A.B. asks: 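Please read through the structure below; I'll follow up with questions.
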Number of protein chains: 2
Amino acid sequence: MSNSIRDRILDATVEQLRRHGPAKTGVVDVARALDMSHSNVYKHFASKSALFDAVAERWLVQVMAPLTKITADKKTPAPKRLKAWVRTLAEVKRKKVLDDPEMFAVYGSVTADAHEVVARHIARLIDEVSEILRDGVKAGDWSLKSIDGAAKMILNASSRFHHPAMVQLDGGGSDLKELESLTDVIVAGLQVRG
Amino acid sequence: MSNSIRDRILDATVEQLRRHGPAKTGVVDVARALDMSHSNVYKHFASKSALFDAVAERWLVQVMAPLTKITADKKTPAPKRLKAWVRTLAEVKRKKVLDDPEMFAVYGSVTADAHEVVARHIARLIDEVSEILRDGVKAGDWSLKSIDGAAKMILNASSRFHHPAMVQLDGGGSDLKELESLTDVIVAGLQVRG
DNA sequence: GAAGTAACAATAGTCAATATCTGTTACTTG
DNA sequence: CAAGTAACAGATATTGACTATTGTTACTTC
């Protein structure tokens with residue numbers, strides 16, 4: 001059931017967040033929007049930050065969707081898939097910060113404190129990159145000593161273009177051509193050695 | 001003359017900054033420390049932010065010193081020099097954020113607003129990397145279509161480990177081994193193609 | 001004329017009283 | 001028993017009067 005009370009609270013929270021920004025939305029406001037007392041919200045979420053974390057997590061799942069699609073597209077060669085995956089990650093973040101700055105601020109405020117939600121998200125990102133890399137190894141594109149290490153390295157190298165703190169700094173105005181040349185060199189470097 | 005009134009004001013500003021942090025140092029405090037009226041400080045610096053910018057710039061020049069040394073060390077091969085240069089950049093930033101958090105906060109507040117000072121600093125960084133790359137091209141280590149583009153790419157890729165916003169986020173606790181493997185792959189990638 | 005000052009308007013910061021919000025508990029209601 | 005509430009203490013914001021700071025100007029002083 002998609003319209004559980006939990007989901008309705010989350011929807012209302014997103015609504016408030018979008019309208020008034022993260023600084024000015026409290027659990028009282030969310031409760032008022034749903035015509036209930038704020039104490040009832042606490043029946044479903046342990047705390048305000050737990051509520052916000054849940055919003056951020058749901059948002060992150062949406063962000064992941066197009067990436068997962070690329071990862072699963074086994075018929076295109078791994079190097080090309082890797083480039084597309086990284087480009088899409090950067091594009092998605094950039095799009096979000098431009099289209100929906102309020103929500104991006106929430107995401108930013110969640111990532112600022114090194115939360116468990118973010119750790120899980122990063123773990124998922126590493127997993128996806130690892131899967132593409134593994135496919136590349138099987139197909140003979142690369143021979144890596146550490147898949148996991150290489151995946152982390154790729155995310156580190158491209159973070160300039162997808163880390164929220166960076167995307168926010170240059171207001172989504174980073175040059176994706178520069179990311180393109182970066183991933184080209186990395187893919188080339190991987191093909192040569194581990 | 002190193003003890004011009006301008007320098008003495010800058011020294012006093014650094015002193016105040018270090019003692020009381022950037023939020024609580026005003027030009028009146030600086031003036032008081034020098035036994036002069038605050039209006040006289042304005043004879044030498046157009047505004048408080050101009051004063052702080054000058055402090056940040058002087059600090060950035062100090063940061064650059066060990067890098068410039070590496071760049072000038074023409075007898076070691078370019079690839080090795082490039083790796084050492086990037087590692088040193090990250091180390092220097094990491095050291096500063098750990099040893100001197102007050103000053104790092106000043107630097108951070110300066111970099112936050114996209115200031116001219118930072119633009120100049122980045123331009124200098126690009127110049128240094130470009131010089132090493134050019135040496136590598138001459139020695140036959142690489143053949144690059146765009147030296148400048150490659151330099152920017154290298155700084156982008158390593159920004160995770162030296163950009164103030166990132167260094168501050170993980171409190172200088174980033175793993176320099178990961179940077180090592182990153183530069184290895186990039187250098188390998190450059191050797192293969194442009 | 002380079003270094004300095006006093007006096008000033010406008011802005012930004014402080015501080016304490018007040019109001020609002022967070023999170024808990026004990027208690028309905030269908 | 002899942003969904004809901006009222007009443008509450010403690011932490012957090014907001015407000016408004018007050019104070020300090022920023023930056024300018026007109027005026028010394030050596």
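Throughout, protein chains are lettered first and strands after them, A, B, ... in sequence-line order, and every chain is numbered starting at 1. This structure is a prediction, so every number in the text was calculated from the model and none was measured.
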A.B. asks: So does B:Lys74 have more than 12 non-hydrogen atoms from other groups sitting under 6.0 Å from NZ?
C.D. replies: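 Yes, the 6.0 Å shell around NZ holds more than 12 heavy atoms from other groups.
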A.B. asks: Check this one for me: any side-chain N or O of B:Lys48 less than 4.0 Å away from OP1 or OP2 of D:dT22?
C.D. replies: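 The answer is yes; a side-chain N or O of B:Lys48 sits under 4.0 Å from OP1 or OP2.
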A.B. asks: Among D:dG23, D:dT22, D:dG4, which nucleotide sits nearest the side chain of A:Met36?
C.D. replies: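 My answer, after comparing the listed nucleotides, is D:dG4.
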A.B. asks: B:Val28, B:Ile5: one ILVMFWY side-chain cluster at the under-4.5 Å cut-off?
C.D. replies: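 No, B:Val28 and B:Ile5 fall in different hydrophobic clusters.
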A.B. asks: If you walk 5' to 3' along DNA chain C, what is the first nucleotide with an atom under 4.0 Å of a heavy atom in chain B, and what is the last?
C.D. replies: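 Using the under 4.0 Å cut-off, the span is C:dA3 to C:dA6.
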A.B. asks: Among D:dT21, D:dG4, D:dT24, which nucleotide has an atom closest to any side-chain atom of B:Tyr42?
C.D. replies: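 Shortest atom-to-atom distance from the side chain points to D:dT24.
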A.B. asks: Of all residues at least two apart in sequence or in a different chain, which pass the side chain to side chain donor-acceptor pair (under 3.5 Å) check with B:Lys75?
C.D. replies: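 Once residues adjacent in sequence are excluded, the partners of B:Lys75 under the side chain to side chain donor-acceptor pair (under 3.5 Å) criterion are B:Asp73.
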A.B. asks: Return the CG to CZ distance between B:Leu179 and B:Arg94, rounded to the nearest 0.5 Å.
C.D. replies: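 The CG atom of B:Leu179 sits 10.0 Å away from the CZ atom of B:Arg94.
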A.B. asks: Check whether more than 12 heavy atoms from other residues, nucleotides or ligands sit under 6.0 Å from atom CZ of A:Arg19, and answer yes or no.
C.D. replies: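 Result for CZ/A:Arg19: open.
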A.B. asks: Does the pair A:Asp135/A:Arg81 count as a salt bridge with the N-to-O cut at 4.0 Å?
C.D. replies: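 Yes, this pair counts.
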A.B. asks: Under 4.0 angstrom, heavy atoms only, what part of the nucleic acid is A:Val27 near: base, sugar-phosphate, or nothing?
C.D. replies: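 Sugar-phosphate contact only - A:Val27 comes under 4.0 Å of backbone atoms but never of a base.
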A.B. asks: Please compare A:Arg32 and A:Ser39 by the position of their nearest nucleotide in DNA chain C and report the one closer to 5'.
C.D. replies: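 Final value for this comparison: A:Arg32.
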A.B. asks: For A:Gly26 and for A:Lys43, locate the closest nucleotide of DNA chain C by heavy-atom distance; then report the residue assigned to the nucleotide nearer the 5' terminus.
C.D. replies: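 Nearer the 5' end of the strand: A:Gly26.
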A.B. asks: Pick base, sugar-phosphate or nothing for A:His44, based on heavy-atom distances below 4.0 Å to the nucleic acid.
C.D. replies: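 Here A:His44 touches the backbone only, sparing every base.
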